[in-house]
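A short worksheet on the structure shown next.
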Amino acid sequence: MLTFDTDIRYLKGVGEKRALVLGRLGIDTIGALLYYFPRDYADFSHIQQIFDCMDGERVCVKGKIVTDISEHKIRKNMTLYRFKITDGTGYLNITIFNNKYLAAKLNVGSTYVFSGKIEQGYNTFNMSSPEIREENDTGLHPIYPLTKGVTQANLQKLVLTAIKSVDITEDVLPFSVRKNYKLTDFSEAIYNVHFPKSKEVLEAAKRRFVFEELFILRTCLCLMKGKKKKSAPKIDFSSLGCFFSLLPFSLTSAQQKVINECRRDMESGKSMNRLVEGDVGSGKTAVAAALMFCAAKSGYQSALMAPTEILAEQHYNFFNSLFCNSNINVCLLTGAVTPAKKRKIKEKLGIGEIDILIGTHAIITEDTAFSNIALVITDEQHRFGVAQRGALSNKGEGVHTLVMSATPIPRTMGLIIYGDLDISILDEYPKGRGSIKTYIIGSDKRERAFGFIKKLINEGRQGYIVCPMVEENEQSGLASAEEYYEKLLKCDFKNYKVGLLHGKMKAAKKDEIMADFKNKKIDLLVCTTVIEVGIDVPNAAVLMIENAERFGLSQLHQLRGRIGRGKHESYCILVSDSKGAKERLEVIRSTRDGFTIADCDLKMRGPGDFLGNRQHGLPELKIADLYADGDAMRMASMAAAALLETDPKLKSDECAALRRRVIDLYKSFTEN
Ligand code: ADP
Ligand code: MG
């Protein structure tokens, strides 16, 4: 008996040659063929009259061939076959390309069903390369993505052979799951997804396979999460009250809730693996500080990693001022630190003289050895790859890991990317924040916007202007930060203190500029997206973004998060002349809710593009669509959790097939 894992070569009707062709479609096993689902279905059940056809429409018509089938050799390797059909309401010209075999099979005077796209010519209707069926052969027909050397008919036949030659009664979805979620059995669904008798059974089959894909994924991630829990130091939180008294503000209830969730993990003796998801400005740093304080008071070291030097510096300043009177040693390690100083820092780390280390990637890429690290926190997690997340927690066996992310990702997606973590949500802003008004303007209104910014500066506020690039770029016509800065200095803002900040500057220069901005020595900061994450200057109340259409929605949301951090009313001005970007920018204007924005972003861009690249570790989903199948994702998650509750190791017979698939998937995660 053949199985799902059998090489496709051994399927009846497939030899070496065809196996190669199928390989190009990604079909290497019989299982892969069964899961090679149609991209669409030709619907031969709704016959339309030719009279009613419209240009560009995909239709199905039934007609008699009323002319001879003429052959036209238009060039080497290209022969057309043409004929006319009628259904009594009108005529349709049919063209077939290169398919001599098909043309020879058709009989003049006989009636067939033709499915394809209508093209209107001068006084005629045409249809090219239609799917053609016998008169009575109606219903849904699969359309597979093809490659040279294989036809729809070939694939249909092979799929049918495959279904007949393997055991399709074993189901990856345990019976209880199928029953609870009313899912079609595999044996039925696999037939119906390829050869549906009706739209209803097709929908049911698709629903099952979407569920199946998400269910296997979630089961795998849940198991990975369980595996991660190792024994880790117990942290004593009795000094938490002491930490509260150091803070210049009182925590929001959301912050307290999240700290408590972490506390439960860190007191347990098992390692914490948690994500704190909180929108820009929700106060994640204070949560990190609380945990690091308690770790230090319990005699352990901790590390905080930020994606940029500017941000690391900012965190360092905050922690330093917070802990200056509490004999906790805070230290900064970034790429900008001189080699001699680095050595010194590492020495001190090794003998436990440093309690809290703050830094950039440098912390993990270099051979930094801690003496007794118990807690590792990554800020702005989405900026780091999954690999780095792993590397940092390898710094110590069984350390507590916390990752913080400001870019809310759609919940469904979070369940996958962070599926191996517990999640805490900071869903509240500190009180007393001013609101943010967002405007979209054309570049013709820029002068007026400058006037408005000056007025705010005169009132004592500060502001940012974000440009896409550093150097002059004439061809693209984009405003570059450098050029822009020069211009503002000379003309519009010559009586104001304007600064320039971009990623290509030396670290020391960046620090200096940031410090000047914080200390109000700079009123208006012209910058690139270096300020995108984390920067916290509560007095900044206006943010203008040039060529706003160039930025992604989540990026715009992050940038806007730089203002509205103090008690003042704040203003975000998006400058764009692009008509195409209107809809996207409107999303930003209409809401400040990061989750809503992330959802729109996902919907507009699709999951592949959503986080910029694939380093986020999101596996490619074949069938499920994260946006459209959000409900299925939630159900599959519940089902996976419930199943693992009763059968944590998938040992029961009904889980046998599932177990195999989960192991395969797990391997694919750990191999990359
Ligand atoms: P993010 O979640 O974006 O990292 P931060 O931690 O930078 O936010 O906090 C944003 C600002 O809010 C900072 O100036 C911080 O000091 C302040 N802040 C944080 N928590 C509170 C609070 N509970 N009450 C008042 N201000 C707070
Ligand atoms: Mg932050």
Side-chain angles (χ1 to χ4, degrees), residues 13 21-22 25-27 30-50 52-63 85 87 92 94-97 99 102 105-106 111-119 127-148 150-164 168 182-214 606 621-625 627-629 632:
V21 174
L22 293 174
L25 297 174
I27 303 172
I30 294 183
L33 175 62
L34 290 175
Y35 278 85
Y36 193 73
F37 294 158
R39 68 169 159 78
D40 202 358
Y41 298 82
D43 187 353
F44 288 85
S45 61
H46 288 280
I47 304 290
Q48 190 160 323
Q49 299 202 320
I50 295 176
D52 292 328
C53 287
M54 306 237 278
D55 190 25
E57 213 179 357
R58 288 205 154 272
V59 297
C60 208
V61 297
K62 188 193 274 191
I85 64 163
D87 65 354
L92 184 61
I94 305 287
T95 308
I96 298 170
F97 294 89
N99 199 335
L102 175 62
K105 237 177 46 176
L106 298 170
T111 299
Y112 300 90
V113 183
F114 301 84
S115 163
K117 195 167 151 194
I118 295 288
E119 293 147 28
M127 187 186 275
S128 298
S129 332
E131 290 279 315
I132 304 176
R133 305 282 156 191
E134 299 287 337
E135 179 173 8
N136 298 318
D137 186 8
T138 55
L140 294 167
H141 287 263
I143 303 177
Y144 298 97
L146 294 179
T147 184
K148 201 162 178 272
V150 59
T151 65
Q152 296 294 348
N154 295 152
L155 272 172
Q156 285 172 25
K157 204 163 157 210
L158 290 176
V159 169
L160 211 52
T161 314
I163 292 179
K164 285 182 188 143
I168 53 171
K182 299 192 173 55
L183 300 163
T184 315
D185 292 349
F186 179 78
S187 54
E188 211 179 313
I190 195 66
Y191 191 82
N192 287 342
V193 80
H194 290 287
F195 309 105
K197 286 265 172 340
S198 69
K199 287 209 164 120
E200 288 70 37
V201 298
L202 172 61
E203 283 317 309
K206 278 190 184 162
R207 184 172 160 265
R208 181 223 141 90
F209 284 113
V210 165
F211 189 97
E212 176 185 311
E213 180 170 46
L214 297 171
L621 292 171
K622 286 213 179 68
I623 316 159
D625 168 341
Y627 187 77
D629 297 321

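Note that this is a predicted model, so its numbers are computed, not measured.
A donor-acceptor contact shorter than 3.5 Å links the side chain of E57 to the backbone of M54. Remark: side-chain polar atoms of N192 are not paired, donor with acceptor, to backbone N or O of A189 under 3.5 angstrom. Between the side chain of D185 and the backbone N or O of E188 there is no donor-acceptor pair closer than 3.5 Å. Between the side chain of D40 and the backbone N or O of I143, no donor-acceptor pair lies under 3.5 Å. Formation of a donor-acceptor pair under 3.5 Å by the Y36 side chain with backbone atoms of P145 is found in this model. Between the side chain of Q152 and the backbone N or O of Y144, at least one donor-acceptor pair lies under 3.5 Å.
Inter-residue side-chain proximity for M127 and T95 is flagged as unmet; no heavy-atom pair is nearer than 4.5 Å. Between I94 and I85, some side-chain heavy-atom pair lies under the 4.5 Å cut-off. In this structure the side chain of L22 never reaches within 4.5 angstrom of the side chain of T147, judged on heavy atoms. In this structure the side chain of L158 never reaches within 4.5 angstrom of the side chain of V150, judged on heavy atoms. Within the 4.5 Å cutoff, side-chain heavy atoms of I96 are placed close to those of I132.
In terms of heavy-atom proximity, C60 sits nearest to S115 at SG-CB, 4.0 Å. Among all heavy-atom pairs drawn from A162 and I30, the shortest one is CB-CG2, 4.0 Å. In this structure, V210 and A632 approach most closely via the heavy-atom pair CG1-CB, 4.0 Å. Considering every non-hydrogen atom in both F97 and S129, the closest pair reads CD1-OG, 3.2 Å.
Atom OG1 of T151 sits about 3.0 Å away from atom CG of N154, to the nearest 0.5 Å. Rounded to the nearest 0.5 angstrom, I168 CD1 and L34 CG are separated by 8.5 Å. Here the CG atom belonging to N99 is positioned 9.0 Å from the CG atom belonging to L106, to the nearest 0.5 angstrom. A distance of 6.0 Å separates OH of Y191 from CG of L160, quoted to the nearest 0.5 Å. In this structure, CD1 in I47 is found 9.5 Å from CG in D87, a value given to the nearest 0.5 Å. Residue S187 holds its OG atom at 10.0 Å from CD1 of I163, rounded to the nearest 0.5 Å.
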Residues Y35, I27; criterion side chain to side chain contact (heavy atoms under 4.5 Å, CB included); working and verdict:
CA-CA 9 Å; Y35 278 85; I27 303 172; over 6 Å; no

Does the ring pair (Phe, Tyr, Trp, His ring centres under 6.0 Å) test come out yes or no for H141 and F44, once each step is laid out?
CA-CA 7 Å; H141 287 263; F44 288 85; 5.0 Å; yes

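Residues E212 and R208 are paired through a salt bridge, judged by an N-O separation under 4.0 Å between the basic side chain and the carboxylate. With salt bridges taken as basic N to acidic carboxylate O contacts below 4.0 Å, one links K199 and D43.
Under the rule for a salt bridge (charged side-chain N to carboxylate O under 4.0 Å, His left out), the partners of E131 that lie at least two apart in sequence or sit in another chain are R133.
Between F114 and Y112, the ring planes are perpendicular. Angles over 60° get that label, and only those under 30° would be called parallel.
Within the 6.0 Å centre-distance limit, the rings of H194 and F37 are counted as a close aromatic pair.
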